[in-house]
**Q** 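Shown below is the structure under consideration.
Naming: A, B, ... by sequence-line order, numbering from 1 per chain.
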2 protein chains.
Amino acid sequence: MRKEQEILTDYLKHKGLKQTSQRGIILDIFLSAGRHLAADELHNMLRDENPRIGFSTVYRTLRLLTECGLAREVNFGDGRARFERALDKSQHGHLICTKCGKAEEFTIATMEKSIKQIAVKLGFKPEGHRFEVYGFCKKCR
Amino acid sequence: MRKEQEILTDYLKHKGLKQTSQRGIILDIFLSAGRHLAADELHNMLRDENPRIGFSTVYRTLRLLTECGLAREVNFGDGRARFERALDKSQHGHLICTKCGKAEEFTIATMEKSIKQIAVKLGFKPEGHRFEVYGFCKKCR
DNA sequence: TTTGATTATGAGATTCAGTTTCAGCGAATA
DNA sequence: TATTCGCTGAAACTGAATCTCATAATCAAA
């Protein structure tokens, strides 16, 4: 069993929730897909193979994956929540093209440290962050 | 006439748009208010003095202010667009308390440089960015 | 001024993503 | 296998944002 499936299983057990085929399928698709999927995009990807899985379930499962640390919600300012893999991925920022909508990732090693310093100075306890740069990608500029 | 009013007037003239009392009032309230106002919050602030100004107008005017560079749209992840003064304010990040919802600002002078370096390396042309840190503020931690 | 072209306004309707509801369904445990 | 209790899917609902349209207001020209 892949590590992510195990994490989900453990989380469900721990919370007294149930293992269902839908949850397994959704996790699989989520992991195999590229990054930054909106709930309805994932739902569309399921449709062909699993036409009986409803949007609500996809949505609820993405929430579940976020809760148990397998997914992370990101927002690119277009009013749709997107989800990306969270496990084994360090925090990073996104370069979002305002023309074609593509999102690239970038890491800033010093970013984490800077945040901590600022937060400590202001008595703020950081739990997570979001760093997005908007502009034009190589193709669209 | 304050500088901001002048900028709005110039912008309207330039675009062939019309000066209206509503636009003046909304700009005034926007400038006098604290930061990070949602459209409906601003609308509520108007209500007592100007019960005839509709929400649509507030909303459209905030868009207008954003267009002409007087306002900037910020998003704190709760699904509501907020607006803050843009003029004479350097780019900054926000520390957002996930408990009480309060947002503090912090400046990121060194971050600007990092962004530019990264963008250049990836062929990305940055136009603006958003940097938000979520956590617990001094009171709520 | 008055006129006339054109933009602005406000109330309500619409949209759209996200969320909730609820009547069965199905997984887990004994 | 029976019983319990969470899960599912379709549809209804929510709330913010956006659009529509009849009427009102602006402003440049006469």
**Q** Please confirm whether the shortest side-chain N or O distance from A:T20 to OP1 or OP2 of D:dT8 is below 4.0 Å.
**A**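 For A:T20, the contact criterion (side-chain N or O under 4.0 Å from OP1 or OP2 of D:dT8) is met.
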
**Q** Can you identify which nucleotide, out of D:dA16, D:dC5, D:dT26, has its nearest atom closest to the B:K18 side chain?
**A**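 Among D:dA16, D:dC5, D:dT26, the one nearest the side chain of B:K18 is D:dT26.
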
**Q** Between D:dA17 atom P and A:D78 atom CG, what is the distance in whole Å?
**A**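 Result: 14 Å.
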
**Q** Consider the side chain of B:S56, meaning its heavy atoms from C-beta on, and name the nucleotide among C:dA28, C:dG10, C:dA8 that approaches it most closely.
**A**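 Nucleotide nearest to B:S56's side chain: C:dG10.
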
**Q** Can the ring centres of A:F76 and A:Y134 be said to be less than 6.0 Å apart?
**A**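 No.
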
**Q** What's A:R82 touching, base or sugar-phosphate or nothing? Going by heavy atoms closer than 4.0 Å.
**A**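 Here A:R82 touches no strand at all.
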
**Q** Could you tell me whether a side-chain N or O of B:H94 sits under 3.5 Å from a main-chain N or O of B:V74, the two making a donor and an acceptor?
**A**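 Answer holds: no.
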
**Q** Under 30°, 30 to 60°, or over 60°: which ring-plane class applies to A:H43 and A:F55, parallel, tilted or perpendicular?
**A**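 If you compare the ring of A:H43 with that of A:F55, the planes turn out perpendicular.
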
**Q** Measuring centre to centre across the rings, with the benzene-like ring taken for any Trp, is A:F131 within less than 6.0 Å of A:F106?
**A**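 That pair passes the under 6.0 Å test.
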
**Q** Rounded to whole angstroms, how far apart are NZ on A:K15 and P on D:dC7?
**A**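 A:K15 atom NZ is separated from D:dC7 atom P by 11 Å.
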
**Q** Take atom NZ of B:K13 and atom C1' of D:dC27, then tell me their distance rounded to the nearest Å.
**A**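 After rounding, the reported distance stands at 11 Å.
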
**Q** To the side chain of A:A81, which of C:dG18, C:dA11, D:dT8 is closest?
**A**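 Ranking C:dG18, C:dA11, D:dT8 by closest atom to the A:A81 side chain puts C:dG18 first.
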
**Q** Take the protein atom CZ of B:F83 and the nucleotide atom P of D:dA16, then report the distance between them rounded to whole Å.
**A**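 After rounding, the reported distance stands at 14 Å.
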
**Q** Using whole Å, report how far CD of A:Q19 lies from C1' of D:dC7.
**A**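 Taking atom C1' of D:dC7 as the reference, CD of A:Q19 is at 13 Å.
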
**Q** Looking at C:dG10, C:dA8, D:dG9, which one has an atom nearest to any side-chain atom of B:L17?
**A**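 Closest of the options to the side chain of B:L17: C:dA8.
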
**Q** Between atom CG in A:D40 and atom P in C:dA17, what is the gap in whole Å?
**A**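 Between P of C:dA17 and CG of A:D40: 6 Å.
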
**Q** Can you confirm whether the side chains of A:Q19 and A:T9 place a donor and an acceptor under 3.5 Å from each other?
**A**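 Judged by distance alone, the side chains do pair up.
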
**Q** Go through C:dA28, C:dG10, D:dC7 for me and flag the one nearest to the A:R23 side chain.
**A**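 Comparing C:dA28, C:dG10, D:dC7 against the side chain of A:R23, the answer is D:dC7.
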
**Q** Over how many whole Å does the gap from A:I25 atom CD1 to D:dT8 atom P extend?
**A**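 The answer, rounded to whole Å, is 10 Å.
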
**Q** D:dA11 P sits how many Å from A:H43 NE2, rounded?
**A**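 Checked: the NE2 to P distance equals 12 Å.
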
**Q** Could you check which of D:dA10, D:dA17, D:dC27 has an atom nearest any side-chain atom of A:R60?
**A**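 Of the candidates, D:dA10 comes closest.
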
**Q** Reckon B:Q22 has a side-chain N or O less than 4.0 Å from the OP1 or OP2 of C:dG10?
**A**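 Indeed, a polar side-chain atom of B:Q22 lies that close.
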
